[in-house]
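Written below as structure tokens is the structure these notes are about.
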Amino acid sequence: MKMDWKEIMEKMEQLNEGQALKFRIPQTFGGGIAVIELNQNKGKKYLLKLGKDENVGPYSDSDKPKELAKWVAERMGELV
């Protein structure tokens, strides 16, 4: 299900430790999987991970959910 950035941001703000949001990124934008989760290390609150499959690696982090939500929405991420 494709979501706009506001919907993604709302879901991010409801995340608990150990939970993640997974999005399928269309091939037009490079394909693969984007995962947003709470950062368990010191630093920014949210962590965005990217990869071609379930083996995703860190890409970006932010204290502001809007930044990461917009990134996923602009690439037409589909919640899985």
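Residues: numbered from 1 along the sequence shown.
Contact between Gln14 and Gln19 at its shortest, heavy atoms only, is O-OE1, 3.9 Å. The minimum heavy-atom distance linking Leu15 with Ala20 is given by the pair CD2-N, 4.0 Å. Taking both residues in full, the closest heavy atoms of Met76 and Lys2 are given as O-CE, 3.8 Å, listed atom of the first, atom of the second, then distance. Considering all non-hydrogen atoms of both residues, Ile25 and Arg75 come closest at CG2-O, 4.1 Å.
The hydrophobic clustering, which links ILVMFWY residues whose side-chain heavy atoms are closer than 4.5 Å, places Met3 and Met9 apart.
Side-chain contact between Met12 and Leu68 is present, with at least one heavy-atom pair separated by less than 4.5 Å. A 4.5 Å side-chain heavy-atom check between Tyr46 and Leu38 finds at least one atom pair inside the cut-off. The shortest side-chain heavy-atom distance between Ile8 and Ile36 falls under the 4.5 Å cut-off. Side-chain contact between Leu50 and Val35 is absent, with no heavy-atom pair separated by less than 4.5 Å. In this structure, the side chains of Lys52 and Ile33 stay at 4.5 Å or more apart for every pair of heavy atoms.
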Could you go through Trp71 and Leu48, starting from their C-alpha distance and side-chain angles, then the distance that decides it, and tell me whether this counts as side-chain contact (heavy atoms from CB on, under 4.5 Å)? CA-CA 10 Å; Trp71 189 96; Leu48 173 66; 3.8 Å; yes
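Within the structure, the salt bridge (Lys or Arg N to Asp or Glu O under 4.0 Å) test picks out the following pairs touching residues 6-22 (sequence neighbours left out): Lys22-Glu54.
Distance alone, capped at 3.5 Å, is enough to place a donor-acceptor pair between the Asn39 side chain and the Lys44 backbone.
Within 6.0 Å of OH on Tyr59 lie no more than 12 heavy atoms contributed by other residues, nucleotides or ligands.
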